[in-house]
Amino acid sequence: MSDDDRRPAPPSDVLEGTVERVTFANEETGFCVLKVASPGRREPVSVVGTVLGAQPGETLRLTGSWQTDKKFGEQFRATSYALQKPATLLGIERYLGSGMVPGVGKALAERMVARFGLDTLDVIERDPARLAEVEGIGPVRTARIQRAFLEQRGVRDVMVFLQAQGVSSAFASRIYKQYRDRAIAIVRADPYRLALDIAGIGFLSADRIAQNLGIARDAPRRIEAGVLHALSELASAGNVGARHPALVEAAVALLGVDTLAVETAIDAAALARSVVVESPGTPDDRVVFLAHLHAAEASLASRLRALVATAEGRLGIDVDEAIARFERTRDLALAPAQREAIRRAALGKVLVVTGGPGTGKTTLVNGLLAVFVAASQRIALAAPTGRAAKRMAEATGHEARTIHRLLEWSPKGGGFTRDAATPLDADLVVIDEASMLDTQLADKLLAAVPLGARLVLVGDVDQLPSVGPGSVLAEIIASGQVDVVRLTQIFRQAEQSLIVVNAHRIHDGEMPLAKSGADDDFYFVERETPEAILATVHELVSSRIPRRFGLDPIDDVQVLTPMHRGLLGAASLNQELQARLNPLGASIERGARTFRVADKVMQLRNDYERDVYNGDVGRVARVSPEERTLVVTLDGREVVYEGDELDDLALAYACSVHKSQGSEYPAVVLALHTQHYVMLRRNLLYTAVTRGRRLVVIVGSAKALRIALAADKVERRVTRLADRLAGRA
């Protein structure tokens, strides 16, 4: 035994108090910075440490030690904590009014405590009918308050259990909502279910729980869970499957076991049909798929091949005359490639139209629609995002919807209403921004396209691929089984735009042209340090662009960045821009985040129940501190958020380039620095520039720009869609 082992552990200090404010909270790790009011101290204490899900008003008993930080002064570093039932009138008021119980704000909490005193929490739990004695509380609110209070208690039980296992329980609410009263029993029986069932909880957290519960490191279920996690991680990076050697290597590194154990686990998972293994060539060529992704890719290929193979149907009109009529009506002349694309769509079954900005994709679609309308064909237009669908509707004059809305999600049935059994009522289905289609959404779409219909996919294959698994548009083109029209001619009007010219220069790996004329639409503002870039972005968005171009800094200007983290990441930029553009007004806090009336916000995940989807952007219309709710206007309708639903929102003054896919903005300001090195790719830069309609400003270093332009080799995602379409799989 070493001297260190014999040395007694340092004594621990204890701090008790009430949380006044959450200064910072990392939802993934549970690390927080809190201001805690403690009896006997004149000023709140700064507390740092893993204090999971802490909320203002909660009473904590913290164990740890005092330290002095050079920058922040005296702090209490907590190593463990216990939740205490609020024991004072002020503590109960703060607890109830903190948002822990949706429907109870500060004023209502004060009235409840004024009526019931220290018995308030007991009344809510055991005799809720008495809440009617408080002004403003009727039967409906009574039921909501008690339900929310009991749910929070259940969440806390789960949180305390997870804390005892030595892992973050920042997702305790999601675990409780998934499993309800069975949460602790399920986690004890199979902690690895968390990684599969709960969004945001990864294998490592589940594995720590399993280790604390006594599951051996070489247990077969641990290794199988690790293999599934490794596959899921590869899918989150855009792959539909994984090369067998790469999967084995990733799983060995993750699990700390030998190769044989992992290969045995893959075989077991294949027997259990949780994965599918395909061998297109030698054993080293094997590809392993999660079962649901394999099923989606195989189904997509089968449906697309069936659609292509169906007999061609004539429109019953003279297509060339209909095209000529469109040209006369619009007083324009289509390019030969555009005219030929319309003919192919009229005569064939599936057509892909791809091309960069300014090459006439929108004009082609308008001509196509004119021909099909003349033939009395039923038309359905859609795009992957709400903004893209809105832009499509404005450009064509026809109704356009998101693909999710086109397929008609049914909350009762838990799936899309439109499918193979109930296909779309359409003779022509046109999908814009098709580069955003991932494998699973494309499969659902193709299932709903009737075999008698025609399908046209329009998109720029040189943009970033979909966020979800797959490279659907690129694979369809690569298969050689579908008719493809590539538009390359830049039209004269578009040639006047530096945005269009530079997008094509970037596509070809050339430095963009930058001028300084008052009427130019593309600028490169060179700044070397992240701090200088940040300051310039602030100045451009808040004053220079609105003053010079007459654009609204919130509605019309979108800041883009390659990454989420860092000084120039989306999270940091959003906080800075909110402070600059919308510093005042009614607000609601969720952890360390603050949402204010008029904030620009983005939905972060698909919520089929409320018909809002990942990437939807809106403005905060109202905030109710009393109800602890927030109302967002999205696509002209109001959506209410409360409690955990606020976790689905993020500020959207700035967003990642990936999140901007499918959107177009009057003005784009792109922050670019070498600290973004891992994300600097030519297609990312190209995608960012093509998001701007009237103005694009790149603020950053010339070195970062050159790095992005030089990085033209994008690693191909692991998918076999092209092989399946070509009959090679």
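Computed from a prediction, not measured in an experiment: that's the story for all the values here.
- Summarising the geometry of V696 relative to V689, their closest heavy-atom pair is CG2-O, 3.5 Å, with the distance given to 0.1 Å.
- Between L725 and L304 the shortest side-chain heavy-atom distance falls below 4.5 Å.
- Applying the side-chain hydrogen bond (donor to acceptor under 3.5 Å, both in side chains) rule to D552 yields no partners; only residues at least two apart in sequence or on another chain are considered.
- Applying the salt bridge (charged side-chain N to carboxylate O under 4.0 Å, His left out) rule to D723 yields the partners R720, R728; only residues at least two apart in sequence or on another chain are considered.
- A search for ring-ring contact (aromatic ring centres under 6.0 Å, His included) contacts involving F372 returns nothing, not counting sequence neighbours.
- Every residue two or more places apart in sequence or in another chain that forms a side-chain hydrogen bond (donor to acceptor under 3.5 Å, both in side chains) with R693 is listed here: E664.
- Under a cut-off of 6.0 angstrom, the local environment of NZ in K444 is sparse, with at most 12 non-hydrogen atoms contributed by other residues, nucleotides or ligands.
- The minimum heavy-atom distance between A388 and G662, with the atom names listed, is CB-O, 3.0 Å.
- By the 4.5 Å heavy-atom criterion applied to side chains, R505 and P512 are not counted as neighbours.
- To the nearest 0.5 Å, atom CD1 of residue I707 and atom NE2 of residue H676 are 12.0 Å apart.
- Among residues two or more places apart in sequence or in another chain, the ring-ring contact (aromatic ring centres under 6.0 Å, His included) test is passed with H504 by none.
- No donor-acceptor pair closer than 3.5 Å links the side chain of D443 to the backbone N or O of T439.
- A donor-acceptor pair under 3.5 Å is absent between the side-chain atoms of S435 and the main chain of Q463, judged by distance alone.
- No side-chain heavy atom of P666 sits less than 4.5 Å from a side-chain heavy atom of F549.
- Note: Y613 and H404 have parallel aromatic rings, judged against thresholds of 30 and 60 degrees for the angle between ring planes.
- Looking at heavy atoms from C-beta onward, L300 lies out of side-chain contact with R724 at the 4.5 angstrom threshold.
- Using a distance-only test at 3.5 Å, with no hydrogens or angles considered, no donor-acceptor pair links the side chain of D599 to the main chain of V601.
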Report task. Output, in order, the C-alpha distance, side-chain angles, deciding distance and verdict of salt bridge (Lys or Arg N to Asp or Glu O under 4.0 Å) for D555 and R619. Result -> CA-CA 9 Å; D555 286 331; R619 295 284 292 272; 2.4 Å; yes
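- For F289, the ring-ring contact (aromatic ring centres under 6.0 Å, His included) test picks out H294, with sequence neighbours left out.
- Distance alone, capped at 3.5 Å, places no donor-acceptor pair between the K600 side chain and the L651 backbone.
- Applying the side-chain hydrogen bond (donor to acceptor under 3.5 Å, both in side chains) test to R243 and every residue at least two apart in sequence or in another chain returns nothing.
- A distance-only check finds a donor-acceptor pair linking the side chain of H673 to the backbone of E528 [under 3.5 Å].
- Contacts of D635 classified as salt bridge (charged side-chain N to carboxylate O under 4.0 Å, His left out), with partners at least two apart in sequence or in another chain: R405.
- Applying the salt bridge (charged side-chain N to carboxylate O under 4.0 Å, His left out) test to R344 and every residue at least two apart in sequence or in another chain returns E340, D483.
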Requested in this report: Give the C-alpha distance, both sets of side-chain angles, the deciding distance and a yes or no for side-chain hydrogen bond (donor to acceptor under 3.5 Å, both in side chains) between S660 and R691.
Outcome: CA-CA 7 Å; S660 75; R691 298 307 89 199; 4.8 Å; no
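- Q603 places a side-chain heavy atom less than 4.5 Å from the side chain of L649.
- Partners of R339 under the salt bridge (charged side-chain N to carboxylate O under 4.0 Å, His left out) rule, at least two apart in sequence or in another chain, are E327.
- Remark: side-chain polar atoms of N574 are paired, donor with acceptor, to backbone N or O of Y653 under 3.5 angstrom.
- Using a 4.5 Å cut-off on side-chain heavy atoms (C-beta onward), V458 and T362 make no contact.
- Counting heavy atoms from C-beta outward, V501 and F522 have side chains that stay 4.5 Å or more apart.
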Which donor-acceptor pairs under 3.5 Å do the side chains of residues 465-475 make with protein atoms, sequence neighbours left out?
{"from": "S466", "atom 1": "OG", "to": "G468", "atom 2": "O", "distance (Å)": "2.9"}
{"from": "S466", "atom 1": "OG", "to": "G470", "atom 2": "O", "distance (Å)": "3.1"}
{"from": "S466", "atom 1": "OG", "to": "R717", "atom 2": "NH1", "distance (Å)": "3.4"}
{"from": "E475", "atom 1": "OE1", "to": "R716", "atom 2": "NH2", "distance (Å)": "3.4"}
{"from": "E475", "atom 1": "OE1", "to": "A722", "atom 2": "N", "distance (Å)": "2.9"}
{"from": "E475", "atom 1": "OE2", "to": "R716", "atom 2": "NE", "distance (Å)": "3.3"}
{"from": "E475", "atom 1": "OE2", "to": "R716", "atom 2": "NH2", "distance (Å)": "2.7"}

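- Residues forming a side-chain hydrogen bond (donor to acceptor under 3.5 Å, both in side chains) with T719 (at least two apart in sequence, or on another chain): E297.
- Proximity of a side-chain donor or acceptor of S299 to a complementary backbone N or O of A296 within less than 3.5 Å is not detected.
- Remark: the backbone N or O of G569 is not paired with any side-chain donor or acceptor of S572 at under 3.5 angstrom.
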